[in-house]
Amino acid sequence: MRKEVIEVYKKYGVDVNKAIETLKNIEVSIQCWQLDDIDGFLSNEVLTGGIQSTGNYPYKARNFEELTSDFKQAIKYIPGKKRVNLHAIYESDNIVDRSEITFSNFKRWVDFAKENDLGIDFNPTCFASNMLKDNLSLSSYDENVRNYWIKHCINSIKTSEDISRKLNKKVLVNIWIPDGLKESPSNRLSLRQNLKDSLDKIFEYKYDRNLIDVSVESKVFGIGVESFTVGSFEFYLNYAKENNLIPLLDMGHFHPSENVADKISSLLLFNPKIALHVSRGVRWDSDHVIKLNDDLQEIADELVKTNALNRTYLALDFFDGSINRVTALIIGTRNMHKALLKALLTPWDLLTKAQEELDHTKTLYLQEKIKELPWNEVYEEYLKQEGVKEDFYDDIKAYENEIMSKRGE
Ligand code: RNT
Ligand code: ZN
């Protein structure tokens with residue numbers, strides 16, 4: 001890195017080396033499901049629940065060996081601290097029915113995480129199942145259906161506690177359900193009452209808060225459930241507050257004109273921790289690979305300027321089946337890092353002062369001036385210090401030719 005770069009930032013009161021050090025320690029949870037279009041390892045389950053991975057790029061990972069090989073390939077080019085985000089459908093050992101899972105079905109994941117210095121996060125999979133009836137799981141009117149998913153969630157929580165014990169590292173368990181209706185509901189309250197009752201039953205199990213945290217993820221609509229979603233933002237915000245859980249915001253789960261970054265400060269005032277699914281919706285919750293765009297930048301800015309990095313579970317949630325899936329993971333995760341770095345290199349003290357003095361001219365001047373600063377040279381320095389090569393396109397193309405293409409289409 002040129003000396004001038006350090007000097008330029010110093011003029012604005014920003015310590016470049018401190019920014020790099022902070023970035024090195026931010027944990028990003030990387031979604032395993034980008035590598036196989038959320039197929040998972042269970043046989044005969046097709047993706048349902050109003051979410052979709054579109055595209056027919058060949059060579060997706062078909063089993064534990066292929067998926068972990070691809071994940072390892074991706075993280076060669078991803079610096080920083082990482083977690084692998086798992087779903088229950090990625091059972092790796094002695095497959096059992098989803099409602100019966102225990103730690104013994106995920107052992108190889110823990111070995112994998114240890115070998116590669118990764119944390120683990122876990123999600124019960126309440127979709128892609130013939131026990132999801134009429135797009136309802138925990139909120140179903142059918143007691144058998146509800147009980148099945150209650151059991152699955154409790155066993156997901158217990159499994160995660162064991163993972164945490166073995167890994168000696170806290171696990172985030174995130175609950176998202178697809179429940180909703182295609183047409184306008186006659187009765188919203190009864191379905192939300194069902195969901196509340198089911199969640200209450202799940203949390204009768206008092207999980208060990210030293211081992212895991214639990215978040216709840218809201219949504220606005222899904223494919224086939226366009227008119228009503230049981231687990232809405234208001235529902236989970238209240239439920240989380242009342243039950244000491246973590247609210248999770250997915251960037252694709254709000255009306256497209258809503259600014260998700262704007263919500264973060266309000267949540268921080270009332271919740272000790274928050275969680276994010278960083279994603280990119282294009283016209284709908286399409287989960288495109290995240291780009292280094294204004295939406296992403298604003299999220300990173302909020303976390304940095306509110307000093308909330310150590311109170312935030314930062315997870316990525318995109319899945320694109322139309323491009324090389326390993327490359328997708330690297331591009332998206334690196335964009336998260338780039339946005340965080342740019343935020344860490346921003347003189348928030350100066351900007352806050354200008355706002356507090358109601359000097360709106362200076363605020364606008366600074367906001368635009370900052371865009372010209374040479375953050376990319378700092379990013380290169382960060383990669384260098386982390387021992388990660390900058391270019392990866394050709395390497396992944398070679399990996400595709402040599403390894404992935406042997407899988408057939
Ligand atoms: C779905 C939610 C959920 C899933 C993953 C696979 O809309 O965003 O988080 O994407 O759990
Ligand atoms: Zn999500």
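Computation of the quantities below employed the complete heavy-atom set of this structure, encompassing side-chain atoms and omitting hydrogens, waters and symmetry-equivalent molecules. Both counts, for ligands and for their atoms, begin at 1 and track the order of listing. Since this is a predicted model, take the numbers as computed values, not measurements.
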Pairs under 3.5 angstrom, nitrogen or oxygen on both sides, ligand 1 versus protein: list them out, please.
| residue | atom | partner | partner atom | Å |
| --- | --- | --- | --- | --- |
| ligand 1 | 7 (O) | K219 | NZ | 2.7 |
| ligand 1 | 7 (O) | H253 | NE2 | 2.9 |
| ligand 1 | 7 (O) | D285 | OD2 | 3.3 |
| ligand 1 | 8 (O) | E217 | OE2 | 3.0 |
| ligand 1 | 8 (O) | D250 | OD2 | 2.9 |
| ligand 1 | 8 (O) | H253 | NE2 | 3.0 |
| ligand 1 | 8 (O) | D317 | OD2 | 2.8 |
| ligand 1 | 9 (O) | E217 | OE1 | 2.8 |
| ligand 1 | 9 (O) | E217 | OE2 | 3.1 |
| ligand 1 | 9 (O) | H277 | ND1 | 3.2 |
| ligand 1 | 9 (O) | D317 | OD2 | 3.1 |
| ligand 1 | 10 (O) | D317 | OD1 | 3.2 |
| ligand 1 | 10 (O) | D317 | OD2 | 2.8 |
| ligand 1 | 11 (O) | H87 | NE2 | 2.7 |

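- Judged by distance alone, the side chain of H277 and the main-chain N or O of A315 form no donor-acceptor pair under 3.5 Å.
- With F233 as the aromatic partner, K263 meets the cation-pi criteria of under 6.0 angstrom to the ring centre and within 45 degrees of the ring axis.
- When the options D295, D294, D301 are evaluated for a side chain to side chain donor-acceptor pair (under 3.5 Å) with Q297, the one that passes is D301.
- Classified by interplanar angle (parallel below 30°, tilted 30° to 60°, perpendicular above 60°), the ring pair H253/W176 is tilted.
- F112 and F71 have perpendicular rings, their planes meeting at more than 60° on a 0 to 90° scale where under 30° would count as parallel.
- Sorted by chain and number, the protein atoms of type N, O or S within less than 2.8 Å of the Zn ion (ligand 2) are E217 OE2, D250 OD2, H277 ND1, D317 OD2.
- Nearest heavy atoms, I101 versus S156: CD1-OG, 3.7 Å.
- Using bins of under 30°, 30° to 60° and over 60° for the plane-to-plane angle, the ring pair F203/Y239 lands in the tilted bin.
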When you look at E400 and K397, which way does the salt bridge (charged side-chain N to carboxylate O under 4.0 Å, His left out) test go after all the steps? CA-CA 5 Å; E400 176 178 311; K397 196 70 200 164; 3.2 Å; yes
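- Judged purely by atom type and a 3.5 angstrom limit, R280 has no side-chain atom pairing as donor or acceptor with the backbone of D287.
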